[in-house]
Amino acid sequence: MLPDVTVIVLNFNGKDYLGDCLDSLLALDYPSDRLEIMVVDNGSVDRSVSFVRQAYPTVRLLELPENRGFAAGNNAGAQAARGAYLAFLNNDMRVDPRWLIEMVEAMQTADDVACVGARILTWDGNGIDFVGGTLNFYGMGFQPEDMVKASEGVHQVLFACGGAMLVRRDIFLESGGFDESFFAYFEDVDLGWRLWVLGYRVLFAPRAVAYHRGHATGKKFEGERRALLYERNALAVILKNYGDEALTRILPVALLLTARRAVMASGLDKSQFRMETQPRSDKSLRLAEGQMRRELEMLMREYGLWVVTKEIVRRILRFFYANFVYQVRRDVAIVPRASMSPLVALDDIADMMPAIWAQREAIQAQRRRSDAEILPLFGNPFQPHPPDPAYLALQQRLVEIFHIDGLFPADGR
């Protein structure tokens, strides 16, 4: 007997994508009397609501008055859903006809399976967007293309990608759903890790296929806003889900590395802040140039030429402005806005700590699995972010000082 499923499509100003997404859902190989398709609109102003209402009258529409983010928007859909299972799907995706049935079949293999993730390909099907994720020890999630071969069968993963996943509704709600303080990014990592702590399992079903346009919503927001969420949410993830021993070792290192990322992104000459006042060397200038090149390459891979072009223009304008201001006021330093994101994240965490710690205590009180059972699922716990040689060297020194390597399997898997 197939269960009732509600597919929740969260939408924010995505009218141009909804047609392909909803058409693919209406073509699913799943009994229509057991399928509810719901669009949760996050306060769109692009006529998305009227488009769905007119073009897809059988689709249930839940209108939110404002953009509440990925986490709260999907939680609202989960609360209103009628299905025993919930399938979350990004609005910039389309799915294979067997996408849902493959995840349902994987879910039904065992009672302790609470969540199943799909394989996500690029829109044309020629590239890989998600075939399972990895997590480093300070909470940064990655989606390496070569992590899992598409031919492998259903297997365990730490987390499923929230853009195309299935979860049991009762367990999702009882465990707290997506953490709404995250707004967006890494809330799927947090949910998956939490489910493992609570005694459930997360699986990956490679034959459940979705196709993704890529960052259709995220690229509408400035880089410093995205960076703030990455930094803040990564810290919240580790604060909530590590056991006491692991958190005691890892938290100091996570905080120190957050500060290093801020300094690296700022491009500041640290010698200007030192009493000894050493002038900037040619070597330090070359390192800064290399860091800038790597940052632009990362932006190109993730967001494309338009975002890289805007960032180059911003940096050129900032260079001329900084040099002009410096001639007038020697007590002013001009830094990229994104370099402040890690520091704002630390400040946010300080304000949010009472709530985060209350969540931590509730999760740890229900712990059913030890860290030793869960940490091998991280996949690549020592993957540096960013992949900078000097940063990696610092990370390795801190790992040794705080004996973090002893928490993970010798091969990092």
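The analysis underlying the following values was restricted to heavy atoms, covering all of them including side chains, and did not include hydrogens, waters or symmetry mates.
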Atom pair [atom1]/[atom2] of [X] and [Y] - distance to nearest 0.5 Å:
X	Y	atom1	atom2	answer
Phe130	Ile120	CZ	CD1	6.5 Å
Arg194	Arg367	CZ	CZ	13.0 Å
Phe186	Leu229	CZ	CG	10.0 Å
Leu255	Ile238	CG	CD1	7.0 Å
Met140	Thr134	CE	OG1	12.5 Å
Ile356	Arg232	CD1	CZ	8.5 Å

Donor-acceptor contact present, side-chain [X] to main-chain [Y], <3.5 Å:
X	Y	answer
Arg82	Leu35	no
Ser44	Asn13	yes
Arg169	Gln79	yes
Gln143	Gly133	no
Ser175	Ile171	yes
Tyr242	Phe137	yes
Asn241	Val237	yes
Glu231	Leu228	no
Ser341	Glu224	yes
Ser339	Val335	no

Quiz item: Between Phe182 and Phe70, is the gap from one ring center to the other below 6.0 Å?
Solution: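 No.
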Quiz item: Would Arg94 count as a cation-pi partner of Tyr211, with NZ or CZ less than 6.0 Å from the six-membered ring centre and within 45° of the ring normal?
Solution: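 Pair Arg94/Tyr211 counts as cation-pi.
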Exercise. Test Asn11 against Asn42 for side-chain hydrogen bond (donor to acceptor under 3.5 Å, both in side chains), laying out the working first.
Key: CA-CA 6 Å; Asn11 178 70; Asn42 242 344; over 6 Å; no
Quiz prompt | More than 12 heavy atoms from other groups under 6.0 Å of CG on Asp351 | solution = yes
Self-check item: Enclosure of Glu245 CD (heavy-atom neighbours >12, cutoff 6.0 Å)
Solution: no
Does [X] reach the side chain of [Y], with side-chain heavy atoms less than 4.5 Å apart?
X	Y	answer
Asn233	Asp190	no
Met38	Val7	no
Val197	Ile374	yes
Trp357	Leu239	yes

Please report the shortest heavy-atom distance between [X] and [Y], naming the atom on each side.
X	Y	value
Gly69	Leu10	O-CD2, 3.8 Å
Val202	Leu158	CG2-O, 4.0 Å
Gly243	Gln364	CA-OE1, 3.9 Å
Ala208	Met103	CB-CG, 3.5 Å
Trp196	Arg369	O-NH1, 3.2 Å
Leu86	Ala81	CD2-CB, 3.5 Å

Salt-bridge present ([X], [Y]; N to O < 4.0 Å):
X	Y	result
Glu361	Lys240	no
Lys15	Asp46	no
Asp4	Arg34	yes
Asp20	Arg213	yes
Asp129	Arg119	no

Quiz item: Under 3.5 Å, is there a donor-acceptor pair between the Asn75 and Glu180 side chains?
Solution: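 Asn75 vs Glu180: donor-acceptor pair found between side chains.
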For [X] and [Y], take the angle between the two ring planes, folded into 0 to 90°, and tell me which bin it lands in: parallel under 30, tilted 30 to 60, perpendicular over 60.
X	Y	answer
Phe88	Phe172	tilted
Phe378	Trp193	perpendicular
Phe408	Phe382	perpendicular
Tyr56	Phe51	perpendicular

Exercise. Mind running side-chain hydrogen bond (donor to acceptor under 3.5 Å, both in side chains) on Tyr85 and Arg168 for me, showing each step along the way?
Key: CA-CA 5 Å; Tyr85 289 4; Arg168 296 181 191 266; 3.2 Å; yes
Practice problem: Test salt bridge (charged side-chain N to carboxylate O under 4.0 Å, His left out) on Asp29 and Arg98 and set out the steps. | Solution: CA-CA 6 Å; Asp29 291 339; Arg98 287 191 57 81; 5.1 Å; no
Exercise. Determine, stepwise, if the pair Asn136 / His385 fulfils side-chain hydrogen bond (donor to acceptor under 3.5 Å, both in side chains).
Key: CA-CA 9 Å; Asn136 72 17; His385 174 76; over 6 Å; no
Practice problem: Using side-chain contact (heavy atoms from CB on, under 4.5 Å) as the criterion, list what pairs up with Ser50, not counting sequence neighbours. | Solution: Arg47, Gln54
